[in-house]
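Remember, it's a predicted structure, so these values are computed and weren't measured experimentally.
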Amino acid sequence: MLPTGVPLLCRLYENNVMKYENYATLKVHFTGSIAFYFSDILRQVANDKGIIVKNILEGPIAGLALYHKRI
């Protein structure tokens with residue numbers, strides 16, 4: 001059973017991701033401890049909406065480290 005905050009996540013995706021025509025082909029990324037610790041729910045709701053979630057990082061430093069590793 002999903003937590004009660006799921007309708008808010010649905011609205012988050014509907015208002016901020018699904019407004020783009022090609023949203024189903026884009027990859028969505030999240031940064032922050034709240035997204036990190038609720039990543040399972042974020043991914044499940046996104047999957048139900050046809051949204052691709054790629055990276056969920058606990059903090060911005062992790063993303064910067066990944067970026068600079070690739071350069």
Side-chain angles (χ1 to χ4, degrees):
M1 181 173 206
L2 291 172
T4 57
V6 170
L8 293 175
L9 287 176
C10 289
R11 287 204 330 243
L12 169 93
Y13 286 124
E14 290 164 1
N15 293 335
N16 296 296
V17 178
M18 296 173 74
K19 67 181 182 179
Y20 298 100
E21 288 182 26
N22 60 339
Y23 77 89
T25 62
L26 302 173
K27 294 178 179 84
V28 178
H29 306 267
F30 292 93
T31 300
S33 60
I34 294 172
F36 183 79
Y37 290 108
F38 288 95
S39 63
D40 293 341
I41 298 167
L42 279 171
R43 289 183 190 280
Q44 185 174 358
V45 174
N47 188 49
D48 292 347
K49 296 273 185 194
I51 296 169
I52 302 165
V53 174
K54 186 164 183 190
N55 295 322
I56 300 178
L57 303 173
E58 188 173 9
I61 298 301
L64 289 171
L66 284 173
Y67 174 78
H68 287 290
K69 257 184 161 176
R70 287 183 267 176
I71 292 181

- Asn16: partners by side chain to side chain donor-acceptor pair (under 3.5 Å), with sequence neighbours left out: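 Asn16 satisfies side chain to side chain donor-acceptor pair (under 3.5 Å) with no residue once adjacent residues are dropped.
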- Could you tell me the separation between the CZ atom of Phe30 and the CG atom of Leu12, rounded to the nearest 0.5 Å? 5.5 Å
- Check Cys10 against Val45 and note the closest heavy-atom contact, atom names and distance. SG-CG1, 3.9 Å
- Minimum-distance pair of heavy atoms, taken over all atoms of Asn22 and Thr25: O-OG1, 2.8 Å
- Counterpart residues, side chain to side chain contact (heavy atoms under 4.5 Å, CB included), relative to Asn15 (two or more places apart): Arg11
- Task: Provide the full list of side chain to side chain donor-acceptor pair (under 3.5 Å) pairs with a residue in residues 57-71, sequence neighbours left out, each pair given once.
- Result: Tyr37-Glu58
- Between Tyr13 and Leu42, is any pair of side-chain heavy atoms under 4.5 Å apart?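 Yes - at least one pair of side-chain heavy atoms lies under 4.5 Å apart.
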- List, by chain and then residue number, the residues other than Leu57 in its hydrophobic cluster (Ile/Leu/Val/Met/Phe/Trp/Tyr, side-chain heavy atoms under 4.5 Å); write none if there are no others.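 Leu66, listed by chain and number.
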- Task: Take atom CZ of Phe38 as the centre, draw a 6.0 Å sphere, and report whether it contains more than 12 heavy atoms from other residues, nucleotides or ligands.
- Result: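 Counting neighbours around CZ of Phe38, 12 or fewer heavy atoms of other residues, nucleotides or ligands fall under 6.0 Å, so no.
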Which pairs of donor and acceptor atoms, one on a side chain in residues 49-56, lie under 3.5 Å apart (sequence neighbours left out)?
unit_1, atom_1, unit_2, atom_2, d
Lys49, NZ, Glu14, OE2, 2.5
Asn55, ND2, His29, ND1, 3.4

- Quick one: which residue pairs count as a salt bridge (charged side-chain N to carboxylate O under 4.0 Å, His left out) with a foot in residues 17-35, not counting sequence neighbours?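 Found none.
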